[in-house]
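Take a look at the structure set out below.
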Amino acid sequence: MDIFSNHIFIFFASFALFYIYHCLGITLGYHRLLSHRSLVVPKWMEYFIVSGGYLAFEGSPIFWVSTHRLHHRFSDSKGDPHSPLDGLWHAFIAWMWNPKVIISLEESQKQAPDLYRDPIYRFLHCRHSIWDGYLCLLIGVLFRVALFLSCGIWILLGNLAATALAFCGPLLVNSISHLRQFGYETYPCGDNSRNVWFVAALSMGEGWHNNHHAFPQSARHGLKTTEFYFTWLTICLLEKLKIAHSIRLAKPDNKVNLKKDAEPAGKR
Ligand SMILES: [Zn+2]
Ligand SMILES: [Zn+2]
């Protein structure tokens, strides 16, 4: 019984730590730091945070950021890579292997010129070939083999459960948080983005998605006191530790971002 409860403890501790690592890798790394440049951290810290998203099978940062910037530009209209208007399953996950929007090399370079300037992100993107997905898969599997050999099965199982949950976060944001049947809209901004509490709870705050579409560059998504946001607390902690700076926030007099006003890709 003691051994069993010990294993359960190790599983949940591993799950909690890896969930924070992988989820923040997506919300703070891929989304806040790379896609919207909502804050600045030292390069070593940026790579560490982004590694959490990469090892959660999010694909190459250039792929993710190009797709996401296009999503903001064409949200819920022709050109949006993953809108529920093309079907809920498509918006959830099918857009990855059956895309309605093919992003060419030229488009990708236009959307993410800042990331193309970084040799590591360029390397992970494999010259815009399908190998970027296979490379991400391979490195993710090797990471888990190393984890199993060095730490054992219970830590690996905790990691796998955390990875699965973290992976679902952005999928739910792309689908549920763009369905008018769920949540609420605080800022009409010309698309179907919604604030959905249970998506926010699962994804460390990303579910306050209507706020995010209204103020895409803001590092903080939860704007009311009831809109809790773990990622924002992490950003506050990084700022207190003098690791994060130049944090961009929505101000009360900021104009709500409308789709047609979308900031040109890669421009700050
Ligand atoms: Zn969206
Ligand atoms: Zn965004």
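Just so you know, ligand 1 is whichever comes first in the structure, and atom 1 is the first atom listed for that ligand. Position 1 is the first residue of the sequence; numbering continues from there.
Shortest distance from the Zn ion (ligand 2) to His31 is reached at NE2 (N/O/S atoms only). The N, O or S atom of His36 lying closest to the Zn ion (ligand 2) is NE2.
Protein N/O/S atoms closer than 2.8 Å to the Zn ion (ligand 1), listed by chain and residue number, are His71 NE2, His178 NE2, His209 NE2, His213 NE2.
Taking 4.0 Å as the cut-off between side-chain N and carboxylate O, Arg69 and Asp114 count as a salt-bridged pair.
In this structure, the side chains of Ile153 and Phe148 come closer than 4.5 Å at one or more pairs of heavy atoms. At a threshold of 4.5 Å between non-hydrogen side-chain atoms, the residues Asn6 and Trp154 do not count as touching. Side-chain contact between Thr67 and Trp95: present, with at least one pair of heavy atoms (C-beta onward) separated by less than 4.5 Å.
Judged by distance alone, the side chain of Ser75 and the main-chain N or O of His72 form no donor-acceptor pair under 3.5 Å.
Between Ile235 and Ala219, the shortest heavy-atom contact is CD1-O, 3.7 Å.
Within the structure, the side chain to side chain donor-acceptor pair (under 3.5 Å) test picks out the following pairs touching residues 126-139 (sequence neighbours left out): Ser60-Asp132, His125-His128.
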